[in-house]
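One structure is given below, encoded as structure tokens.
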Amino acid sequence: MDSLNSLIDGFGTALTPVNLLWAALGVLLGTAIGVLPGIGPAMAVALLLPVTYGLEPTGAFIMFAGIYYGAMFGGSTTSILLNTPGESAAVVAAIEGNRMAKAGRGAQALAAAAIGHFAGGMIGTILLVVLAPTVASLAVDIGAPDYFAIMVLAFIAVTSVLGSSRIRGLASLLIGLTIGLVGLDQMTGQQRLTFGSLQLADGIDVVIVAVGLFAIGEALWVAAHLRRSTGKPIPVGRPWLGRADVRRTWKSWLRGPLIGFPFGAIPAGGAEIPTFLSYVTEKRLSKHRDEFGKGAIEGVAGPESAASASAAGTLVSMLTLGLPTTAVAAVMLAAFQQYGIQPGPLLFEREPDLVWGLIASLFVGMVLLLALNLPLAPLWAKLLRIPRPYLYAGILFFAAIGAYAVGGEAVDLVILLVIGLIGFGMRRYGLPVLPAIIAVILGPSAEQQLRRALQISDGSVTGLVDTPFSVTVYVIVALILLWPLGRKVLGRDRA
């Protein structure tokens, strides 16, 4: 009942004319940016992060939430029409969606994706309302050793799940941790990796790192490959679904959140794994299994619903533990820190208006997303005709303005370019970007919690494993690390 009362208060905040305007603007911007190939929700939020400096926190986060969900829908539009996912969560939608579009059923594929996002987002947000306060109340008792263990789990899980190899994931993590070390030691005031520069004494702003790795790195990478031909978008009419399509998709829309939400809430979750699992599930349960690979509508509806629900799951761990499980959550965590707000167990007590206003705005955003995107799908498809050179020149321009707005220092532009070149190098050698971003944000916090835990135990390493919770987390870490080795051994035994 407390959660319900708080949510009603949240709707009072979210439904004010100003906040409704920010929600609508976020949904429109998110969809417009998400439609453009190679620009996912993380880059959209990172690019717009400096723009929101003048806004009050509630309005800014309502806008970010709209951008997040809008960009996810926009990404699936590109997947279906161009076979070029706007972001990683939309990769699975391309498998069936693009084949449907080529067969002249692009409108139905877009409608199945839009309603899937709406259903998944609604169910996921209801689960967020139910679970988040409970998780927050349990997390209040978590101490420094437990927090450090959770962060180690996030680091290990994110390096193990993402990228083509664990070594590459670990290399990306180390790059992020190194960038996070730049500046003054929080406890001793000692300068670290500043090279005698006063501008680096405050450290490198997370916004500059996020914009550099995502926007500049991606723009340089695309520029290096522009000579390759790009696909032509498929024309689309107004999205609609017939009765036969609805009968085939409604179960998929309801099954998706059951897979997507839990994966969104765990470290290294995100939408990549649940969308693929949802696709496999739909293929097994479908009565039209022969259509899979040729344009089965269930293969669009289920994964898109799972992707939207995983976005709500991501917010559970981000709001209650301050733990980002996806790139967007990492950038949003940076935004919280920018406003001097620390997400965690006490956030629901200290900033109830902000948190419940944000959660209520997710419901409002979902309705706006469906109302705006079903009629405007042909318009979004036209955005795909923007020539790539103009598109990425614009991204570089906005990225530079955003980075300069952070501190008003010319040296920030130099740092942005250097980090952008690092991002380009990471893409060139197949290093995933997310571990680096999470390391930059969580690295300093992990170091602080490690030092606190060691201070409490008078420097004894056993202080890191003196609670049942931390021991459990380290056991999970060990299982994640040993799983590939165990799988090889079992494979040999079977052979």
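- Put simply, CZ on F261 and OG1 on T125 are 8.5 Å apart, with the number rounded to the nearest 0.5 Å.
- Using a distance-only test at 3.5 Å, with no hydrogens or angles considered, no donor-acceptor pair links the side chain of R427 to the main chain of V433.
- Not a single donor-acceptor pair under 3.5 Å links the side chain of S310 to the backbone N or O of G260.
- Although no hydrogens or angles enter the test, the distance criterion places no donor-acceptor pair under 3.5 Å between the side chain of S172 and the main chain of R168.
- More than 12 heavy atoms of other shown residues, nucleotides or ligands fall within 6.0 angstrom of atom CG in L421.
- The CD1 atom of I179 lies 5.0 Å from the CD1 atom of I422; values are rounded to the nearest 0.5 Å.
- In this structure, M63 CE and T58 OG1 are separated by 14.5 Å, a value rounded to the nearest 0.5 Å.
- Between F363 and F11, the two ring planes are tilted [angle within 30° to 60°].
- Heavy-atom contacts from other residues, nucleotides or ligands closer than 6.0 Å to CH2 of W356 number more than 12.
- Annotation: the span from L128 atom CG to I359 atom CD1 amounts to 4.5 Å, rounded to 0.5 Å.
- Separating the CZ atom in F336 from the CD atom in E351 is a distance of 9.0 Å, to the nearest 0.5 Å.
- Panel note: side chain S305, backbone A119; no donor-acceptor pair is recorded below 3.5 Å.
- Between the side chain of S278 and the backbone N or O of G256, no donor-acceptor pair lies under 3.5 Å.
- Atom OG1 of T13 and atom CG of L354 lie 9.0 Å apart (nearest 0.5 Å).
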